[in-house]
Amino acid sequence: MTVELGGGEASNALRAEAAEMAAELRAAGTVPTLAIVLATEDGGAQWYSRAIASAAEKVDVACRLVSLSADASEAEIAAKLEELGRDRGVHGMLMQMPLPAEVDADAMAELIPAEKDIDGMTPLSMGRLLLGRPSFPPATAEAVLRLLKWHGVETAGANVVVIGRSAVVGKPVFHLLLQVDATVTVCHSKTEDLEQIASQADILVVAIGRARFVTADFVRSGATVIDVGTNAAEDGSLVGDVDERSVEGVAGALTPVPGGVGPVTTASLLLHTVEAARALVQAG
Ligand code: NAP
């Protein structure tokens, strides 16, 4: 039998921690505030932004949804990011992707001050993560680690295979796993013998964006499988990168989609926001 590694309890615990810290900040006169910059008509990005805003409200974190036009220029987006960066009433900033086609997303990310970079998007945050220095890691990558810890999955000395090497998930997950003493292999679309490599893993982390791509052939018997993928299935439902029916009974444990990594990611963003607010208040 495959055990389900749900994200509900871990995310509730993180939200409770965020709410407690937010209450303390409010009592001392600071309203922890998150700003989400959107310049897209992409339905997924809009839905996700509203979901974060609604989750923020529940833990007493204020959320400003800053909607720019889907054909906003780079100068307009840059001006808004710089304004929010200077605004002492904003503690966390999130820039939603996609940006308009002609806008340089890397250049825009650099305009987010590291102390407000609650999703670890900037080169400074990423460099600090790589060096093991304090930073806000990308929330999804951190959610993978939080889930493993919450469910008591041993990482020290574990043989972990990560499929996917994006800047938001695969690469930061690699660094976070190294910090907890795992032995990590990162695979990608050019990896040869992917199934053979994946099937050696004690822990398999999948973040590729391909619905139900990973089947039982990729999974060692008893392995823990973390499914980061969120893909729209033919019927419109949300499915992961792992074919849960195929790996059922082979994997020792599997995160569900939805209800696994996703809620822990959102909760991590909120906790980062209140942590950023506290640090900014302390810094004066
Ligand atoms: P991405 O930027 O498109 O990167 C995908 C990665 O997967 C790339 O490194 C790519 O390799 C690799 N890949 C693609 N096809 C592959 C294949 N057939 N075999 C091996 N590797 C393959 O995607 P992402 O932003 O990391 O997102 C990955 C998934 O996680 C998506 O489903 C996304 O929606 C989901 N996601 C979920 C959350 C959450 O909170 N739950 C947050 C972020 C993302 P190359 O580098 O060689 O191209």
Side-chain angles (χ1 to χ4, degrees), residues 5-8 10-11 14-15 36 40 42-52 55 94-99 105-106 109 118-121 126 129 136-148 150 160-177 184-201 204-215 217-219 225-234 236-244 254-272:
L5 300 185
S11 83
L14 291 170
R15 284 170 201 234
I36 305 178
T40 176
D42 179 84
Q46 295 199 355
W47 178 88
Y48 184 50
S49 301
R50 285 196 299 273
I52 296 171
L94 207 52
M95 185 180 76
Q96 282 291 15
M97 304 300 290
L99 291 176
D106 291 342
I118 56 146
D119 203 16
M121 301 176 95
M126 203 60 86
L129 173 64
F136 294 119
T140 305
E142 193 184 29
V144 170
L145 273 290
R146 287 193 197 274
L147 268 174
L148 290 170
W150 181 267
V160 184
V161 173
V162 179
I163 314 183
R165 57 174 165 180
S166 72
V168 275
V169 193
K171 287 188 180 114
V173 158
F174 166 69
H175 289 292
L176 290 170
L177 285 164
V184 194
T185 304
V186 180
C187 301
H188 45 78
S189 66
K190 307 292 186 295
T191 298
E192 291 186 13
D193 298 328
L194 183 60
E195 293 174 30
Q196 197 274 331
I197 296 169
S199 62
Q200 304 300 309
L204 179 63
V205 180
V206 191
I208 57 178
R210 290 178 189 263
R212 303 190 180 108
F213 180 86
V214 166
T215 57
D217 295 336
F218 291 71
V219 179
V225 181
I226 307 291
D227 189 354
V228 181
T230 49
N231 312 285
E234 309 76 47
S237 62
L238 193 68
V239 297
D241 289 343
V242 177
D243 183 338
E244 55 184 352
L254 171 67
T255 57
V257 177
V261 175
V264 184
T265 300
T266 306
S268 294
L269 288 172
L270 301 178
L271 188 60
H272 289 173

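In this chain, numbering begins with 1 at the start of the sequence shown. In each ligand, atom 1 is the first atom listed, and ligand 1 is the first ligand listed.
Residue-level proximity to ligand 1 for Ile163 is carried by the side chain, the only part with a heavy atom below 4.0 angstrom. Residue Thr140 touches ligand 1 through its side chain alone, judged by heavy-atom distances below 4.0 Å. Residue Thr230 touches ligand 1 through backbone and side chain together, judged by heavy-atom distances below 4.0 Å. Residue contacts with ligand 1 for Val228 involve both N, CA, C or O and side-chain atoms from C-beta outward (heavy atoms, distance under 4.0 Å).
Other residues, nucleotides and ligands place more than 12 heavy atoms under 6.0 Å from the CD atom of Gln96.
In this structure, atom 25 (O) of ligand 1 lies nearest to the protein heavy atom Val168 CG2, 3.4 Å. What sits closest to atom 9 (O) of ligand 1 on the protein, heavy atoms only, is Arg165 N, 2.8 Å. Protein heavy atom in closest approach to atom 27 (O) of ligand 1: Val169 CG2, 4.4 Å. Closest protein heavy atom to atom 18 (N) of ligand 1: Phe213 CZ, 3.3 Å. Shortest contact from atom 12 (C) of ligand 1 to any protein heavy atom: Ile208 CG2, 3.9 Å. Closest to atom 10 (C) of ligand 1 among all protein heavy atoms lies Ser189 N, 4.3 Å.
When only interatomic distances are considered, the shortest N/O to N/O separation between Tyr48 and ligand 1 does not fall below 3.5 Å.
In this structure, CD1 in Ile208 is found 9.0 Å from CG in Asp227, a value given to the nearest 0.5 Å. Between the OG1 atom of Thr230 and the CG atom of Asp241 there is a distance of 8.0 Å, given to the nearest 0.5 Å. The OH atom of Tyr48 lies 5.0 Å from the CG atom of Leu269; values are rounded to the nearest 0.5 Å.
Per-atom contact check: atom 3 (O) of ligand 1 does not touch the protein, criterion being a heavy-atom distance below 4.0 Å.
Residue nearest to atom 6 (C) of ligand 1, selected from Ala198, Gly170, Pro258, Ala207: Ala207 (by heavy-atom distance). For the residues Gly262, Ala167, Ser166, Ala141, the heavy atom positioned nearest atom 26 (O) of ligand 1 is part of Ser166.
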> Going through the distances and angles, do Glu142 and His272 end up as a side-chain contact (heavy atoms from CB on, under 4.5 Å)?
Replying inline: CA-CA 11 Å; Glu142 193 184 29; His272 289 173; 2.6 Å; yes

>> Using side-chain contact (heavy atoms from CB on, under 4.5 Å), reason through Val168 and Thr140 one step at a time and then give a plain yes or no.
In response: CA-CA 7 Å; Val168 275; Thr140 305; 6.0 Å; no

>> Run Ser199 and Asp217 through side-chain contact (heavy atoms from CB on, under 4.5 Å) and show every step you take.
In response: CA-CA 7 Å; Ser199 62; Asp217 295 336; over 6 Å; no

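Which parts of ligand 1 touch Leu194 is read off a 4.0 Å heavy-atom cut-off, strictly below it: atoms 19 (N), 20 (C). Applying the 4.0 Å criterion to heavy atoms of Gly209 picks out, from ligand 1, the atoms 28 (C), 29 (C), 31 (C), 32 (O). Proximity to Arg210 (heavy-atom distance under 4.0 Å) selects the following atoms of ligand 1: 14 (C), 15 (N), 16 (C), 18 (N). The contact set between ligand 1 and Thr265, taken as ligand atoms under 4.0 Å from a residue heavy atom, comprises 40 (O).
Asp42 places a side-chain N or O within donor-acceptor distance of the main-chain N or O of Ala45, the cut-off being under 3.5 Å. Checked by atom type and distance alone, the side chain of Ser166 pairs as donor or acceptor with a backbone atom of Val169 at under 3.5 Å.
Under a 4.0 angstrom heavy-atom cut-off, Asn231 registers as being in contact with ligand 1.
Val205 is listed as a side-chain neighbour of Val160, based on a closest heavy-atom distance under 4.5 Å. Side-chain contact between Cys187 and Val161 is present, with heavy atoms from C-beta onward closer than 4.5 Å. Taking 4.5 Å as the limit, some side-chain heavy atom of Leu145 sits within range of a side-chain heavy atom of Leu177.
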